[in-house]
Amino acid sequence: MRAALIVYRKEVIEILRDRRTLMAIGLAALATPIVLSVISQVATKTATQTYTIGYSGDIPTGLGELLRATGLKLVPVADPAAAAKQQVDLGVAFKLGEIDEYYDPTRQGAQIADTRLQTVLGQYDAAQAAAALQNRGIDPGILTPLRIVAHPLSSPVQAASNAFLSFFLPYILITMILTGGFSAALDSTAGERERKTLESLLLTPAPRSRVLLGKIGAVTTISLVAAVAAIGSMFVALSQISLPGPSESAHISLSPVAVPVMVWVALLIGVSFSSVTLALGTLAKTFRQGQAYVTPLYFITIFPASIILFIPDFNPSLAYYLIPILNAVLVLRDAIVHNTVDWPALGVTTFSLIATGALSWFAALRLFTREALLTRS
Amino acid sequence: MTGAAVSVERLEKTLGKNRVLRGVSFQAQPGEIFGLLGPNGAGKTTTLRIICTLLSPDSGTVEVLGFDTRKAPEDVRRQVGVVTADIGVYPRLSARENIAYFAQLSGVQDGDLKRRVDAVIERLDIGSFADQRAESLSSGQKQKIAIARAIVHDPQVLMFDEPTSNLDVLASREVREFMVESKGRGKCVIFSTHVMHDAERLCDRITILHQGQVVASGATAEVRGDKRELEDAFLELVGAR
């Protein structure tokens with residue numbers, strides 16, 4: 001193991017002196033807060049923005065105040081239908097006992113204004129109906145024969161926080177582990193060949209399996225450092241962002257169950273995909289050729305995982321947990337959203353990622369010990 | 001021959017569809033510079049790569065100080081230092097770090113590491129740039145690092161494969177002087193080159209390879225025979241004249 005440690009230490013020193021890798025890690029740490037900040041600002045702006053309703057006819061008593069209180073500004077127009085096409089977000093014609101609404105569903109502003117209008121009108125209708133019944137001496141309660149009393153088992157703010165984290169955290173973690181180690185893996189394989197240091201390295205008495213082990217350890221370390229940098233900066237950014245809520249607890253935080261699951265999954269992905277990228281890098285003669293081999297790997301693995309993120313209620317069978325990366329996303333999502341560990345799923349995921357790493361390790365070792373490694377260059 | 005540092009017997013090797021070596025045999029002794037000569041593609045580099053265990057022979061045997069390259073490759077690599085024309089060094093490590101890395105991988109223990117590294121730095125006059133990153137060094141300085149890393153574990157057999165082909169006159173002379181000095185220390189020096197002038201000046205004995213076969217072998221003066229220069233004998237042997 002001494003040789004593996006020697007190689008590990010040298011690789012880490014070299015990687016930390018490589019501007020490409022440092023820039024990748026630095027950009028990852030910076031990019032996450034910037035993206036989250038932009039998302040937060042857009043969301044805040046959308047929630048507080050005032051939308052314009054162009055109207056004709058007489059506004060029913062009291063409705064104008066309700067609409068203005070909901071961020072809907074009323075502007076008189078001659079033709080609400082024509083105005084809704086360009087001038088205003090929504091066109092409304094108030095008639096006796098009826099409201100004609102005109103809006104373009106392809107415009108996001110029109111959709112938001114429509115939702116707000118429907119909500120306000122629902123409240124206005126209910127209030128009017130209750131007042132009419134009360135005037136006739138009838139209990140307005142007959143309008144809601146089955147009254148729903150909600151008892152949420154967790155804080156709605158926490159639920160929103162979990163939904164947010166279950167979407168972003170697995171994606172950032174996996175992306176950073178995969179991409180954070182790419183440059184380091186290629187530099188220590190294809191780069192070694194390109195710099196013509198490979199032959200000298202293989203001339204030492206150190207067993208090639210130990211040399212490879214040291215390289216995998218170094219690439220895994222850098223991948224995890226990149227992931228920690230990205231996630232750390234994400235949480236720093238999230239601490240500055242508040243979800244709509246009554247108290248300080250509205251800040252987003254990770255559940256205690258999700259933290260060890262995240263660490264375990266990150267380690268597994270780091271080790272197994274370091275082996276994969278080293279094997280691909282060993283096939284390449286140059287760093288650039290290595291990039292051509294490795295880049296599709298990222299898309300192949302992250303694409304199915306990304307799709308799953310958009311299906312929040314996707315309940316997969318255990319077989320899905322055999323698919324590397326997808327399984328990591330699912331396990332992380334379960335831990336974050338449900339605050340529990342699905343042990344069979346975690347077991348299958350662990351098996352799958354270890355098997356992926358072991359197969360890649362043998363492939364990399366086989367490539368690393370074949371004569372073509374030298375004769376092809 | 002008993003006591004040979006390197007013994008090569010009936011070596012055969014095919015790479016792809018190319019039969020590179022066809023029954024190559026020779027022996028190199030401690031305390032001599034042994035020249036392995038031949039035109040490009042003669043099989044010199046393949047022979048050296050088999051001796052230092054980077055490639056396996058299809059048939060034939062190679063022994064280095066009694067260790068069979070197939071049975072004990074790691075023992076062979078402990079006894080061998082190789083310097084090639086490709087002076088690849090790790091650009092983001094200093095000269096000292098480059099040398100120390102190879103020393104450690106070659107089995108030099110931590111307690112002895114500093115002394116060994118300092119010794120080769122002094123021997124090869126590397127001190128003035130020992131702590132500079134290799135990426136900022138000249139070709140000659142990098143070649144010195146390449147030599148230093150090849151000898152830092154004090155191997156008994158040194159192999160030089162076209163070591164001066166990328167160097168200027170001054171750096172080339174330093175490499176040649178180092179080979180002579182190593183011979184004086186009792187090392188077996190195998191010098192692969194197609195520069196006949198260098199071979200004639202430096203080598204005690206030579207073997208000339210052509211198309212994977214030995215076409216001449218013996219003391220340098222014997223192989224030159226009645227020709228004015230070794231180059232004339234070489235050209236006649238490889239059928240170019």
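Letters A, B, ... are given to chains in the order of the sequence lines, protein chains preceding strands, and every chain is numbered from 1. Computed from heavy atoms alone, side chains included, the values below leave out hydrogens, waters and symmetry copies.
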Original post:
Heavy atoms, side chains only, cut-off 4.5 Å: are A/Arg17 and B/Leu93 in contact?
Top reply: yes
Original post:
Which of the residues A/Arg2, A/Glu192, A/Arg195 is involved in the greatest number of heavy-atom pairs with chain B at under 4.5 angstrom?
Top reply: A/Arg2
Subject >> Greater than 12 external heavy atoms within 6.0 Å of A/Arg366's CZ >> reply: no
Original post:
What residue, out of B/Pro91, B/Gly107, B/Ala100, has the most heavy-atom pairs lying under 4.5 Å from chain A?
Top reply: B/Pro91
Original post:
Which bit of B/Ser56 is near chain A, if near means a heavy-atom gap under 4.5 Å: side chain, backbone, both or neither?
Top reply: both
**OP:** Can you tell which part of A/Val7 gets under 4.5 Å to a heavy atom of chain B, answering side chain, backbone, both or neither?
**Re:** both
**OP:** Give, for atom CZ of B/Arg92 and atom CD1 of A/Ile13, the distance between the pair rounded to the nearest 0.5 Å.
**Re:** 11.5 Å
Original post:
Is A/Arg208 paired with B/Glu74 through a side-chain N to carboxylate O contact shorter than 4.0 Å?
Top reply: no
Subject >> Flag for A/Ser200-B/Arg149: side-chain donor and acceptor within less than 3.5 Å >> reply: yes
**OP:** Heavy atoms only: give me the nearest A/Pro205-B/Ser106 pair and the separation to one decimal.
**Re:** CD-CA, 3.5 Å
**OP:** May I ask you to check whether over 12 heavy atoms, not counting those of B/Arg10, lie within 6.0 Å of atom CZ?
**Re:** no
Original post:
Hey, what do you get for CG (A/Leu202) to CZ (B/Arg77), rounding to the nearest 0.5 Å?
Top reply: 8.0 Å
Original post:
chain B heavy atoms under 4.5 Å from A/Leu203: which part of the residue, side chain, backbone, both or neither?
Top reply: both
Original post:
More than 12 heavy atoms of other residues, nucleotides or ligands under 6.0 Å from CD of B/Glu122: is that the case?
Top reply: no
Original post:
How many angstroms lie between CG in A/Leu198 and CG in B/Leu54, if you round to the nearest 0.5 Å?
Top reply: 9.0 Å
Subject >> Which portion of B/Glu135 sits near chain A, non-hydrogen atoms under 4.5 angstrom >> reply: neither
Subject >> Heavy-atom contact with chain A under 4.5 Å, split by part of B/Leu15 >> reply: side chain
Subject >> A/Arg210 portion near chain B, given a 4.5 angstrom heavy-atom threshold >> reply: neither
Original post:
Can you tell me how far CD of A/Glu14 sits from OH of B/Tyr101, rounded to the nearest 0.5 angstrom?
Top reply: 8.0 Å
Subject >> Region of A/Glu199 that comes under 4.5 Å of a non-hydrogen atom in chain B >> reply: both
Subject >> Within-4.5 Å side-chain heavy-atom neighbours: A/Thr197 and B/Phe102 >> reply: no
Subject >> chain A contact via B/Pro73 - which portion, at a heavy-atom distance below 4.5 Å >> reply: neither
Original post:
Closest approach of B/Leu105 and A/Ala3, non-hydrogen atoms and distance?
Top reply: CD2-O, 4.0 Å
Subject >> Between CD on residue B/Gln104 and CG on residue A/Leu5, distance to nearest 0.5 Å >> reply: 10.5 Å
